[in-house]
2 protein chains.
Amino acid sequence: MTRVLVIDDEVPILRALKINLTARKYDVSTAADGASGLAAMARERPDVLILDLGLPDMDGTDVIRGVRGWSSTPIIVLSAWGQESQKVAALDAGADDYVTKPFGMDELLARLRAAVRRASPAPDEPVIATGEFTVDLADKRVTRAGADVRLTPTEWQLLEVLARNADRLVTQRQLLSEVWGPGYQNEANYLRVYMASLRRKLEPDPSAPRYLLTEPGMGYRFRP
Amino acid sequence: MTRVLVIDDEVPILRALKINLTARKYDVSTAADGASGLAAMARERPDVLILDLGLPDMDGTDVIRGVRGWSSTPIIVLSAWGQESQKVAALDAGADDYVTKPFGMDELLARLRAAVRRASPAPDEPVIATGEFTVDLADKRVTRAGADVRLTPTEWQLLEVLARNADRLVTQRQLLSEVWGPGYQNEANYLRVYMASLRRKLEPDPSAPRYLLTEPGMGYRFRP
DNA sequence: CCACTGCGTTAAGAACGCATCAAGATCACG
DNA sequence: CGTGATCTTGATGCGTTCTTAACGCAGTGG
């Protein structure tokens, strides 16, 4: 399901968007100001961002630049009628499109479809390499000794979270919540089962892991 | 120098665009109706097309479709104020952007820059070849053993998405969303039916696919 | 020295995903 | 308006993956 993040401080617009987009099978989350919007972008990695330029705490173009610094997620800007220069600045800051308020829902939906369609050739994501194997986030592919390693979906999700946080300690709660969902934070068993499976497929000596490390009592760490 | 083709039947607009764009170092050519516009597209292969929807001889969306049939050149549409449904139709037909008349030249220039920038990441439309068949993205044609393979529209769309992401895992969500639309992301059945059909037409041994691979639980991958 | 806790390992049934087939609905075309 | 192609939808069988529970082991603290 396509995930959309809406950053807007006007409650009626937020509600209207949420209702209409949800009805069209989009997965909608919201933020009411620029700061929490940027945080939500990093946390949720939506497929599209809909951004109102008139935010209380930040200039809209700064939000765009904040996002463009690390992500090429399509951005559709909402702006009040007549603010020509603002729109131009937004587009030049890296926005993909804009819609003038008041806008028709059909138009927004069409632009949304167009933005998602254009973005589909996925942006570049890094390849993380260890002495034993490599993890290609974009291709969703793991290679070891020249050959692809077959991972099950759950195995891959787990490895992906660890790889995206390479060298950082990832807590059990975070892993469980990101791979299985927020309701599974006590099922530490799952982690053991799947870490064992990953080690069996990736570590030279699964019983003495060199790359997928356990931090007792805390969580796990991926050391490339 | 960026080449722009303007298709518009209103002389004042045509003149204004020509002057302004030329001053900005664009290489501008013009056409006054849909038919000669399509001819000019094929002949001159501009980098961007600016298209007025209100042409005397053809419906604007038909012009767009005529172009999209063989080219992914960015299209910016000009339309009169208030013609919501027309804009939506234009965007869905494959237009990249639109500007409402009367428009400010600054705005048009910003959208022009944005369109060119988006397109610049090499819209390479190569011919992708495997040991068994070749896929020509530009001609929308698949050849196997020297002969054209007849694909239905849906089959082609599916193959095209996979081919554009060659070697990359494409998730079911992405495939469903790009081929059938954002509302179909749970209809994984469609994928199975059409992948089976593609394999029947393209794979030497459809039950042991070599090029159209299944990644269980995740999606599909096209390996040229 | 012994219970307790957290981690790794294994195994088995349940649940799920995929391929395939077939038939009804719908569309495009003459 | 009829016909053939294409798309949608449901059902079936099979293999894989997930979930769950049990057990062993090491470290820790009583």
Side-chain angles (χ1 to χ4, degrees), chain A residues 140 142 148-160 162 169-173 175-181 183-221, chain B residues 62 65 69 140 142 148-162 169-181 183-222:
Chain A
K140 290 199 194 308
V142 181
D148 281 7
V149 179
R150 250 189 66 69
L151 298 185
T152 73
T154 311
E155 286 164 3
W156 169 260
Q157 279 193 274
L158 186 56
L159 180 62
E160 178 170 0
L162 288 168
L169 170 65
V170 189
T171 64
Q172 303 196 354
R173 291 172 60 86
L175 286 170
L176 286 165
S177 153
E178 292 207 31
V179 176
W180 280 271
Y184 289 72
Q185 306 196 356
N186 296 323
E187 305 286 358
N189 240 336
Y190 294 6
L191 284 181
R192 300 195 196 106
V193 172
Y194 279 91
M195 284 301 298
S197 169
L198 276 179
R199 284 169 174 159
R200 210 173 315 123
K201 292 184 178 179
L202 299 178
E203 291 276 359
D205 178 2
S207 60
R210 298 179 51 189
Y211 307 108
L212 299 166
L213 310 179
T214 303
E215 300 275 351
M218 313 278 303
Y220 295 87
R221 184 194 307 270
Chain B
D62 289 335
R65 269 183 283 269
K140 292 201 188 303
V142 181
D148 279 9
V149 180
R150 248 190 76 67
L151 297 185
T152 72
T154 310
E155 286 165 1
W156 169 259
Q157 279 193 273
L158 185 56
L159 180 62
E160 177 169 0
V161 176
L162 287 167
L169 171 65
V170 189
T171 64
Q172 305 196 355
R173 279 182 27 176
Q174 189 178 345
L175 287 170
L176 286 165
S177 155
E178 293 206 30
V179 176
W180 281 271
Y184 288 74
Q185 307 198 356
N186 296 323
E187 306 286 356
N189 244 333
Y190 294 7
L191 285 181
R192 302 199 191 103
V193 172
Y194 278 90
M195 284 301 299
S197 167
L198 276 178
R199 284 169 175 160
R200 233 188 340 268
K201 293 184 178 179
L202 298 178
E203 291 276 358
D205 178 3
S207 61
R210 298 179 49 190
Y211 308 108
L212 299 165
L213 309 180
T214 303
E215 300 274 351
M218 317 210 20
Y220 294 88
R221 187 193 304 271
F222 176 45

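As the structure is a computational prediction, the values presented were derived from the model and not from experiment. For the numbers below, each heavy atom of this structure counts, side chains included, while hydrogens, waters and symmetry mates do not. Sequence lines set the chain letters: A, B, ... in the order given, protein chains first and strands last, and positions in each chain run from 1.
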Engineer: Check for a donor-acceptor pair, side chain of A:Gln185 on one end and backbone N or O of A:Leu176 on the other, with a separation under 3.5 Å.
Structural biologist: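 Judged by distance alone, no pair lies under 3.5 Å.
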Engineer: Can you sort out the partners of A:Glu155 under salt bridge (Lys or Arg N to Asp or Glu O under 4.0 Å), two or more places apart, ordered by chain and number?
Structural biologist: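 Applying salt bridge (Lys or Arg N to Asp or Glu O under 4.0 Å) to A:Glu155 gives A:Lys201.
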Engineer: Here's a test of your reading of the structure: between B:Leu191 and A:Gly217, which maps to the more 5' nucleotide of DNA chain C?
Structural biologist: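 In this pair, the answer is A:Gly217.
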Engineer: Does A:Gln172 put a side-chain nitrogen or oxygen below 4.0 Å from OP1 or OP2 of C:dG6?
Structural biologist: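 For A:Gln172, the contact criterion (side-chain N or O under 4.0 Å from OP1 or OP2 of C:dG6) is not met.
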Engineer: Of all the heavy-atom pairs spanning A:Trp180 and A:Leu191, show the shortest one and how long it is.
Structural biologist: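 Scanning both residues completely, I find the closest heavy atoms to be CZ3-CD2, 3.9 Å.
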Engineer: Where do A:Leu212 and A:Met195 come nearest, in terms of heavy atoms and distance?
Structural biologist: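 Residues A:Leu212 and A:Met195, closest heavy atoms: CB-CE, 3.8 Å.
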Engineer: Give a yes-or-no answer on whether the side chains of B:Arg192 and B:Thr214 include a donor-acceptor pair shorter than 3.5 Å.
Structural biologist: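 The criterion, which ignores hydrogens and geometry beyond distance, is not satisfied for B:Thr214 and B:Arg192.
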Engineer: Send over the distance from B:Glu155 CD to D:dA5 C1', rounded to a whole Å.
Structural biologist: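 Taking atom C1' of D:dA5 as the reference, CD of B:Glu155 is at 11 Å.
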Engineer: Output the rounded distance in Å from OH (A:Tyr184) to C1' (D:dC18).
Structural biologist: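 Rounded to whole Å, this separation is 10 Å.
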Engineer: Which nucleotide in the set D:dT20, C:dT9, D:dC18 lies at the smallest distance from any side-chain heavy atom of A:Thr152?
Structural biologist: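 Of the options given, the side chain of A:Thr152 lies nearest D:dC18.
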Engineer: Ignoring the backbone of A:Pro153, work out which of D:dA5, D:dT17, C:dG8 is nearest its side chain.
Structural biologist: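 Nucleotide nearest to A:Pro153's side chain: D:dT17.
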Engineer: How many whole angstroms separate atom OH of A:Tyr220 from atom C1' of C:dG8?
Structural biologist: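 Those two atoms, OH and C1', are 8 Å apart.
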Engineer: Which whole-number value in Å describes the distance from A:Asn186 CG to D:dT20 P?
Structural biologist: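 About 13 Å, once rounded to whole Å.
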Engineer: Tell me the interatomic distance from B:Glu215, atom CD, to C:dA19, atom P, rounded to whole angstroms.
Structural biologist: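 About 11 Å, once rounded to whole Å.
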Engineer: Minimum heavy-atom separation for B:Tyr211 and B:Glu203, please, with both atom names.
Structural biologist: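 What the structure gives for the nearest pair is N-OE2, 2.8 Å.
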Engineer: Would you give the length of the straight line joining atom CG of A:Leu162 to atom CZ of A:Arg221, rounded to the nearest 0.5 angstrom?
Structural biologist: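 The distance works out to 11.0 Å.
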Engineer: Tell me whether the count of non-hydrogen atoms from other residues, nucleotides or ligands lying under 6.0 Å of CZ in A:Arg173 goes above 12.
Structural biologist: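 Counting other residues, nucleotides and ligands, CZ of A:Arg173 stays at 12 neighbours or fewer.
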Engineer: Nearest heavy atom decides the nucleotide; on that basis, is A:Arg150 or B:Leu151 closer to the 5' end of DNA chain D?
Structural biologist: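 Its nearest nucleotide being more 5', the pick is B:Leu151.
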Engineer: If the cut-off is 4.0 Å, is A:Thr154 near the phosphate of D:dT17, judged by side-chain N/O to OP1 or OP2?
Structural biologist: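 A:Thr154 to D:dT17 OP1/OP2: no side-chain N or O under 4.0 Å.
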Engineer: Separation of A:Leu176 atom CG from D:dT20 atom C1', in whole Å?
Structural biologist: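 To the nearest whole Å, that distance equals 15 Å.
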Engineer: Could you check how far CD of A:Gln157 sits from P of D:dT19, rounded to whole Å?
Structural biologist: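 Rounded to the whole Å, the gap is 10 Å.
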Engineer: Could you give the distance from OH (A:Tyr194) to CG (A:Leu158), rounded to the nearest 0.5 Å?
Structural biologist: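 Rounded to the nearest 0.5 Å, the OH-CG separation comes out at 9.5 Å.
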Engineer: Please say whether more than 12 non-hydrogen atoms of neighbouring residues, nucleotides or ligands are located less than 6.0 Å from CG in A:Asp205.
Structural biologist: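 Enclosed: over 12 neighbouring heavy atoms sit under 6.0 Å from CG of A:Asp205.
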Engineer: Please give the angle, rounded to 10 degrees, between the axes at the start and the end of the helix from C:dC1-D:dG30 to C:dG30-D:dC1, where five pairs define each axis.
Structural biologist: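 Computed angle between terminal axes is 40°.
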Engineer: Mind listing the residues from residues 192-203 of chain B sitting with a heavy atom below 4.0 Å of DNA chain D? Number order is fine.
Structural biologist: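 Residues of residues 192-203 of chain B that come under 4.0 Å of DNA chain D are, in numerical order, B:Val193, B:Tyr194.
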Engineer: B:Tyr190 side chain: which of D:dA22, D:dT8, D:dC18 is closest?
Structural biologist: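 Out of D:dA22, D:dT8, D:dC18, the nucleotide with an atom closest to B:Tyr190's side chain is D:dT8.
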Engineer: Using whole Å, report how far CZ of B:Arg221 lies from P of C:dC18.
Structural biologist: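 In whole Å, C:dC18 P lies 15 Å from B:Arg221 CZ.
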Engineer: What nucleotide among C:dC18, C:dT9, D:dT9 has an atom nearest to a side-chain atom of B:Asn189?
Structural biologist: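 The answer is D:dT9, which lies nearest to the side chain.
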Engineer: When you check the phosphate oxygens OP1 and OP2 of D:dC7, does a side-chain N or O of B:Trp180 lie under 4.0 Å from one of them?
Structural biologist: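 Answer no for this pair, as no side-chain N or O of B:Trp180 is under 4.0 Å from OP1 or OP2.
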